[in-house]
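Here, residue 1 is the first one in the sequence, and each next residue gets the next number. The figures that follow rest on heavy atoms only: side chains count, while hydrogens, waters and symmetry mates do not. Only a predicted model underlies this, so the values are computations on that prediction, with no experimental measurement involved. As the structure lists them, so they are numbered: ligands from 1, and atoms in each ligand from 1.
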Amino acid sequence: MSSSSSFRRALLSGALAFAAASSFAVSAHAQGYPNKPITLVVPAAAGGPTDTVARLIAESMSKTLGQTVVVDNTGGAGGTIGMARVARAAPDGYTIAVWHIAHSTAPSLYDDLKYNVVNDFDSIGRITDVPMTIVGKAALPPNNIAEFVAWLRANAAKATYGHAGIGSASHLCGLMFLKEVGVKVEGVGYRGTGPAMIDLLAGQFDFMCDQTTGTTGPIKDGKIKGYAVTTKFKVSSVPDLPTLDSTVLPGFEVSAWHAMWAPKGIPKAATDKLVAALQIALKDPKVIERFASLGTVPVDPSLTQPAALKSHLEAEVKRWGEVIKAAGVKGN
Ligand code: ASP
């Protein structure tokens with residue numbers, strides 16, 4: 001045997017010993033899981049719809065797990081910066097994410113995504129579905145959706161809309177809506193619709209499509225104009241808004257859904273605890289009541305489980321891939 005091959009063998013056995021030692025370290029560590037705070041990455045700025053959903057869930061899960069679940073807002077690039085961070089994080093159960101439908105549209109809207117949205121993550125569970133709304137700044141002249149569409153067609157060249165970056169739900173909804181209306185309007189990207197809403201309230205841009213979790217309060221307070229919901233059904237938190245489907249755009253339907261993921265390969269003990277804690281959070285009366293007041297639509301419990309989330313994600317990647325391609329929309 002040559003000295004180089006015995007050197008390679010020594011290296012290999014060293015590497016195997018290291019791998020065995022580190023997997024022992026991970027599983028030994030997992031036994032007491034969680035024994036330190038868990039970082040919950042929200043790939044959008046504070047104060048927006050995903051942040052709202054994540055903080056409610058985090059509060060309940062913290063109680064169940066006996067450790068603080070700390071929300072960390074890593075917004076930007078339509079959520080892909082935060083999700084890339086989670087994909088690369090140590091798979092030890094101490095870094096997890098709550099994100100939404102944009103996780104399924106990112107591969108179709110971003111040409112240079114650095115991670116695989118299905119294979120680089122472990123599913124923890126689907127959380128809730130959230131209708132979206134077309135809203136305008138308070139000073140915008142139109143008072144209903146038909147007037148808004150007429151105004152858009154007449155003012156497309158000078159109108160502006162806000163969104164949470166390429167591939168975000170608000171961006172996708174805006175693209176689909178504008179495509180159907182048949183106009184091109186300049187978009188302004190934010191790190192989440194939390195900061196976008198601050199600017200809409202200040203009248204810095206004209207309109208936005210965002211989840212009811214972000215728009216219900218300002219619509220009710222008369223601080224922005226609500227024009228329509230993007231689901232085929234009316235939404236209880238904003239009962240005066242008609243559907244786009246029943247008014248100006250028959251067949252139109254975009255709805256956001258939120259879910260929780262971890263980096264691929266976290267220890268089973270951590271998965272089991274996170275899944276159980278999420279399920280408890282979804283049955284927490286405080287969470288249920290708050291979600292209802294914000295117009296979210298509960299997901300059938302069987303569909304909140306990890307395997308169902310994975311199938312849902314795969315189906316959504318395919319569905320949106322086809323819709324986005326057919327619509328000829330591109331994030332960049
Ligand atoms: N609602 C945002 C979006 O459009 C994200 C957020 O701030 O939660 O994707």
Side-chain angles (χ1 to χ4, degrees), residues 40-58 71-86 97-110 113 117 126-136 160-178 185 187-201 205 207-219 224 226 229-231 235 237-238 254-261 290-291 294-297 313 316 320 324 329 331-332:
L40 171 55
V41 174
V42 167
T50 313
D51 186 60
T52 300
V53 166
R55 281 178 198 273
L56 263 170
I57 292 293
V71 172
D72 182 320
N73 298 91
T74 306
T80 57
I81 294 176
M83 290 311 277
R85 179 179 156 202
V86 174
V98 166
W99 191 217
H100 63 23
I101 182 175
H103 195 52
S104 70
T105 58
S108 309
L109 289 170
Y110 273 90
L113 210 58
V117 299
R126 183 152 144 211
I127 300 173
T128 192
D129 291 358
V130 191
M132 301 187 79
T133 47
I134 305 286
V135 294
T160 47
Y161 81 103
H163 59 73
I166 293 165
S168 63
S170 47
H171 182 236
L172 175 76
C173 180
L175 287 176
M176 303 302 294
F177 174 73
L178 293 168
V185 172
V188 190
Y190 290 79
R191 295 176 84 81
T193 45
M197 180 58 80
I198 292 172
D199 274 8
L200 185 66
L201 291 168
F205 59 84
F207 70 98
M208 177 158 80
C209 177
D210 201 23
Q211 285 106 301
T212 54
T213 27
T215 60
T216 294
I219 292 174
I224 56 173
V229 295
T230 62
T231 41
V235 178
S237 70
V238 282
V254 178
S255 192
W257 50 268
H258 290 275
M260 182 175 281
W261 289 274
R290 186 88 182 108
F291 276 176
L294 293 171
T296 86
V297 181
L313 175 64
E316 286 282 278
W320 284 111
I324 289 167
V329 293
N332 36 12

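Polar contact with ligand 1: absent for Trp99 (N/O pair, distance under 3.5 Å). Of the N or O atoms in Gln211, one or more lie within a sub-3.5 Å distance of an N or O in ligand 1. Checked against a 3.5 angstrom limit, the closest N/O atoms of Ala169 and ligand 1 fall inside it.
Under 4.0 angstrom from ligand 1, there are no non-hydrogen atoms of Val42.
For ligand 1, the atoms sitting less than 4.0 Å from at least one non-hydrogen atom of His100 are 2 (C), 3 (C), 5 (C), 9 (O), numbered in the order shown with element in parentheses. With ligand atoms numbered from 1 in the order given, ligand 1 contributes 1 (N), 2 (C), 4 (O) to contacts under 4.0 Å with heavy atoms of Asp210. Each of the atoms 3 (C), 4 (O), 9 (O) of ligand 1 lies under 4.0 Å from some heavy atom of Ser170.
Judged purely by distance below 3.5 Å, without hydrogens or angles, the side chains of Ser255 and Asp129 never pair a donor atom with an acceptor atom.
Counting protein heavy atoms only, atom 2 (C) of ligand 1 is closest to Thr193 OG1, 3.2 Å.
Closest approach of Asp51 and Gly47 over heavy atoms only: OD2-N, 2.8 Å.
Within a 6.0 Å radius of CZ in Arg55, other residues, nucleotides and ligands contribute more than 12 heavy atoms.
Scanning for ring pair (Phe, Tyr, Trp, His ring centres under 6.0 Å) contacts around His100 gives His258, with sequence neighbours left out.
Val42 places none of its side-chain heavy atoms less than 4.5 Å from the side chain of Trp99.
Going from atom CZ of Phe291 over to atom OG1 of Thr52 covers 9.5 Å, rounded to the nearest 0.5 Å.
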